[in-house]
Amino acid sequence: MSGPERVRAVLESKFVQRAVIAVIVVNAITIGCETSAYLMERAGGLLHAVDRIALAIFTVEIAARLYAYRKSFFADPWNWFDAAIVAVALVPASGPTSVLRSLRILRALRLVSAVPSMRRVVGALLTALPGMASIIGLLVLMIYIAAVISTKLFGELVPERFEDLPRSLFTLFQIMTGDDWGNVAQEVMQHKPWAWVFFIVYILMSTFVALNLFIAVVVNAMHETEPSPEPSPAETRAQVELEEVKQELAAVNAKLDQLLTREPAPATGKVP
């Protein structure tokens, strides 16, 4: 076995994969702890040391994967994802690039590439993007139409909410998220009691219908990307037995065909 193959076998072992996941989790926890002044005062040196060790482990892992997979390393988008996150962490966090220090927590996103179930979820979301784009376009169209209507109807009555189109768009987006929509509706209903009809219809269309459409598209994409389950031992035995029965029936059919197509032997005696 060559050197790259040995390194690849080590990287693909369950022990190494679980160890990398554990380092990612520990590093994410330590970066979160660095936001606490109390913990930094008492264990700042330890937290920084753990962060540097984790970064060194990630760098060595990426280098080992690059050595083991060579050109095929660049064919996997997840390798690009991991390499980009580690590269950002290697940029010196001082001077103009000091803002990158806050991006170290992005290393926690490596869990997405390290855990197969998370990779499937992200893959399903990416597969669902075309359908989601259509739903987002429909939702934006509904909000725009509702904003124009609400500006015409309620702009003069509640100017702080619906005075112009941008303000109406923001208010309707707030209502779509369910944030304080009852108070907004009450303010308008003080002037026009029938305004509840507008808000109920808008919430039903924008929140419930659009949200369910989003869920349906994502669930369908996840179902399509779900790997087919492995057959159980009982199903495997049944399949083997079925194939054996098919072979026996084929042999019987072949013998029958031979008997039916065989020519009759010539007669040796005379008919009385």
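Source: prediction; values computed, not measured.
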Answer with yes or no whether the hydrophobic clustering places [X] together with [Y]; edges join I, L, V, M, F, W, Y residues whose side-chain heavy atoms lie under 4.5 Å apart.
| X | Y | value |
| --- | --- | --- |
| Ile149 | Met205 | yes |
| Met118 | Trp80 | yes |
| Val25 | Leu47 | no |

Report task. Quick one: closest heavy-atom pair of Thr151 and Ser168, and the distance? Result ->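 Looking at all heavy atoms of both residues, the shortest contact is OG1-OG, 2.6 Å.
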
Requested in this report: Name all residues meeting the side-chain contact (heavy atoms from CB on, under 4.5 Å) criterion together with Val148; count only those two or more places apart in sequence or in a different chain, and write none if there are none.
Outcome: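 In terms of side-chain contact (heavy atoms from CB on, under 4.5 Å), with neighbours along the sequence ignored, Val148 is linked to Tyr144, Leu165.
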
**Report entry** Contacts of Val50 that satisfy side-chain contact (heavy atoms from CB on, under 4.5 Å) - sequence neighbours left out
**Finding:**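 Residues passing side-chain contact (heavy atoms from CB on, under 4.5 Å) with Val50: Val26, Thr30, Leu46.
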
Requested in this report: Sequence neighbours left out, what passes side-chain hydrogen bond (donor to acceptor under 3.5 Å, both in side chains) with Asp180? Give chain and number order.
Outcome: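 Partners of Asp180 by the side-chain hydrogen bond (donor to acceptor under 3.5 Å, both in side chains) criterion, ordered by chain and then number, come out as Asn183.
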
Spell out, as yes or no, whether a donor-acceptor pair under 3.5 Å connects the side chain of [X] to the backbone of [Y].
| X | Y | answer |
| --- | --- | --- |
| Glu163 | Gly155 | no |
| Asn79 | Phe73 | yes |
| Arg167 | Pro159 | yes |

Report task. Classify the ring geometry between Phe199 and Phe154 as parallel (under 30°), tilted (30 to 60°) or perpendicular (over 60°). Result ->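 The rings of Phe199 and Phe154 lie parallel, inter-plane angle below 30°.
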
Query raised in the report: When the ring planes of Phe81 and Trp78 are compared, do they come out parallel, tilted or perpendicular, using 30° and 60° as the limits?
Result: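 Phe81 vs Trp78 ring planes: perpendicular.
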
Query raised in the report: So is Arg70 actually on top of Tyr67's ring, under 6.0 Å and inside 45° of the axis?
Result: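 Yes.
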
Query raised in the report: Rounded to the nearest 0.5 Å, how far does CZ of Phe208 lie from CG of Leu213?
Result: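 The CG atom of Leu213 sits 13.5 Å away from the CZ atom of Phe208.
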
